[in-house]
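Step one of this worksheet: look at the structure below.
Throughout, protein chains are lettered first and strands after them, A, B, ... in sequence-line order, and every chain is numbered starting at 1.
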2 protein chains.
Amino acid sequence: MAEVSIDDVAARAGVHRSTVSRAFSRPEAVNAATRKHVLEVAESLGYRVNPLAQALRRRASKLVPLIVPDITNPFYGELARTMAAAAADRGYQLVLCVTGGEVAQTNAYLTSLQEMYAPFGIVAPSTTVDLDELQNVALGSKVVVVDRVKQARVPTVTVDSAEGIALAVDHLHGLGHRRIAYVSGISGAYTSRDRLAAYEGLAAELDMPAMILDGGTGPDVGERAAERLVHMTREERPTAVIAANDMVAFALISALGVRGVSVPDEVSVMGFDGLEFGARFNPRLTTVRQPIADMGVIAIDLAEKLLKDGETGHVVLAPDLLIRESTAEVPR
Amino acid sequence: MAEVSIDDVAARAGVHRSTVSRAFSRPEAVNAATRKHVLEVAESLGYRVNPLAQALRRRASKLVPLIVPDITNPFYGELARTMAAAAADRGYQLVLCVTGGEVAQTNAYLTSLQEMYAPFGIVAPSTTVDLDELQNVALGSKVVVVDRVKQARVPTVTVDSAEGIALAVDHLHGLGHRRIAYVSGISGAYTSRDRLAAYEGLAAELDMPAMILDGGTGPDVGERAAERLVHMTREERPTAVIAANDMVAFALISALGVRGVSVPDEVSVMGFDGLEFGARFNPRLTTVRQPIADMGVIAIDLAEKLLKDGETGHVVLAPDLLIRESTAEVPR
DNA sequence: TTCGGTGATGCAACCGATCTCAGCAATCGA
DNA sequence: TCGATTGCTGAGATCGGTTGCATCACCGAA
């Protein structure tokens, strides 16, 4: 309670401020015995270094912005959770910044946090964020991008979209599906595009028609795709749908339900993300899982590497398959 | 880019530091013309006050911790989003703190942020957080609690549980249901208890049996409740279930689906929260909506009032009904 | 005994603001 | 005309640390 400062500790320990400071931040520069004594006194007084004062002098704080378009989406929720843990492990404090998908917001957050001497930032870009523009912002050069294709100028960590889609297509193909459609995504449109490309490639390869139920974005993708599907003739109608991400899959299944189409009895649906919530959907969602927890720690690692060596790494993670109940053998 | 400080502005404007400072933080204390000039110079130099330095000197920052047990839960997601917006409106910067439901974490966050001179904190308590214990923490006395029953010592904002449950029961009763069960909640156990009490009261009043399918917590509530339900005989089985919150409702419907029980054909299910995601569930969830957006701004208001007048307000909001497709007339 | 080197500590400036107090000019009342 | 009041502004201490530099004791070598 009684705000104890570095001078209190110094006085009580009979040394100078600077020695106390060094005892904490540059241990090798102070005599072992002195250090031990100082630390004990500090402990007994309940002293903790003031992060603001420290940041001001050092021009480097422990505040790290995590910039996401929409925290309501559990994907970003899970990302935020693991990232917060990873950050805490390294002494950082995550500052959540929700942009609503607006570039201006992203930039505003970035400059605002750079004023607080944030050492770097983590950005999970939305559809509308132009990554090149990030470079113009103060903190722009010290940013790690999550969930985005390899990009030259800043470090990135992503999941291999092609491999993920392959996993999904193979799974469905193995169940006998030959008419597999695709719906693109509410958010993360960059990866959504990758996934779409992967889907089209595989469709060609397997000699299946490429059916894009909806290529748009926004909260109504599921509705539109469902509407489109129910208006197809029996022959042209797909027997399975791959959604660009779990949220789209949920919306699609819901919209199909409203229209009396049952999943997986009439049509199989797969997601992409592997959200924990998928296990509580109705039906439980079969999906391609991204190692979100890994992405969190890797992003922080990349950031620290960037600061230390100026090295901009690009990590591509492998997804895996989570088979639950939203897919079934093709109905005949 | 070129970090411009208050002295740069002062020099360029031909006045002293202190005048520049006053021009920003105490406009009435400086000559209008001088002020205008200073502000123009500042503008042209791209000067912005350094929040860290300001906070250090003033012993009051703009950082506000929002402490939630689980950001993966869209309820807290929506809360975080609206709260962040409300905070930004007033110049605050929300710092997201995810506790995983652990008291120690909550306290750690609170003290850590009080070291950063956070003016106050917002806590959405989890099951295990003992509110009285909050008082012992540094920031403890300057905390607003969200989603928690009226409590004497700190300001709170909640939704009227009794009214919400009444809304739900009335809705179901109106559909002809006479055997209405209840399942308690994954999170927010405080309110969950209130809601349970309200349910029991109403059941008695309407002369219906009170059936608690599961009164526990944790991620498996839905599973357990579903398991219990399917093992009931036709006569004792409820025709409708009220879940303590939306997430439980989702889990329950999913678990029922796995066991071949269809909602709402065989049993109606209602949630409590009004999550946007409910509109994309299968079936779309009928639920009691909490005005989450209002809760966000009100919480900030209460906090500011607490700081200014030392007044600890308690706001109870009215919920409303969101009728969608998870409830239907009682099957006969 | 003297001197260079080394390790540990103290001194004081500094980070970028705020704020109390003093000084100064203009204005006011008598 | 003169002291008191009022309105602005400058000086400088301060918030709580960090860090380059000076100091000093102590060491072994010459």
Side-chain angles (χ1 to χ4, degrees), chain A residues 2-39 41-42 45-63 91 111-119 138, chain B residues 2-39 41-42 45-63 91 111-119 138:
Chain A
E3 304 306 343
V4 20
S5 86
I6 197 171
D7 285 314
D8 302 328
V9 179
R12 187 87 164 64
V15 297
H16 192 263
R17 286 216 305 291
S18 47
T19 302
V20 178
S21 172
R22 279 188 284 256
F24 280 94
S25 45
R26 227 139 41 84
E28 75 285 359
V30 58
N31 180 288
T34 317
R35 173 157 191 269
K36 184 156 172 289
H37 178 226
V38 168
L39 257 32
V41 170
L45 257 46
Y47 168 76
R48 304 189 49 177
V49 326
N50 183 314
L52 257 49
Q54 190 175 58
L56 177 60
R57 183 59 231 251
R58 285 195 175 159
R59 297 168 156 277
S61 73
K62 290 304 192 174
L63 261 23
T111 48
S112 150
L113 267 119
Q114 108 112 212
E115 280 167 8
M116 301 197 203
Y117 298 127
Chain B
E3 304 307 341
V4 20
S5 87
I6 197 172
D7 285 312
D8 302 327
V9 179
R12 187 87 165 64
V15 297
H16 192 264
R17 284 210 312 287
S18 43
T19 302
V20 178
S21 173
R22 279 188 286 256
F24 280 93
S25 45
R26 227 141 39 85
E28 75 285 358
V30 59
N31 181 287
T34 317
R35 172 157 192 268
K36 183 158 172 288
H37 178 227
V38 168
L39 258 32
V41 170
L45 257 45
Y47 168 75
R48 304 188 50 176
V49 327
N50 183 314
L52 256 50
Q54 189 175 59
L56 176 61
R57 183 61 234 251
R58 283 194 175 162
R59 297 167 154 277
S61 73
K62 291 301 192 175
L63 262 21
T111 48
S112 150
L113 266 118
Q114 110 111 212
E115 281 167 7
M116 302 198 202
Y117 297 126

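Residue A/R48 is classed as a sugar-phosphate contact, given heavy-atom separations below 4.0 Å to backbone atoms only. Nucleic acid contact for A/F24: none, since no nucleic acid atom lies under 4.0 Å from a heavy atom of the residue. Contact annotation for A/R26: no contact, since no heavy-atom pair falls under 4.0 Å across all strands. Using a 4.0 Å heavy-atom criterion, one finds that B/T19 contacts the sugar-phosphate atoms exclusively. No contact: B/A55 has no heavy atom under 4.0 Å from any strand. Nucleic acid contact class of A/V20 (heavy atoms, under 4.0 Å, all strands): none.
Within the structure, every side-chain polar atom (N or O) of B/Y117 is placed at least 4.0 Å from both OP1 and OP2 of C/dT18. Contact annotation: A/R58 reaches the phosphate of D/dT18 (side-chain N/O to OP1 or OP2, under 4.0 Å).
Taking atom CG of residue B/L56 and atom C1' of nucleotide D/dC15, one finds them 4 Å apart after rounding to whole Å. The interatomic distance linking B/E28 (CD) with D/dT6 (P) rounds to 17 Å, in whole Å. The separation between A/H16 atom NE2 and D/dT18 atom P is 13 Å, rounded to whole Å. Atom pair A/R17:CZ and D/dC15:P shows a separation of 10 Å (rounding to whole Å applied).
Considering every non-hydrogen atom in both A/A10 and A/H16, the closest pair reads CB-C, 3.9 Å.
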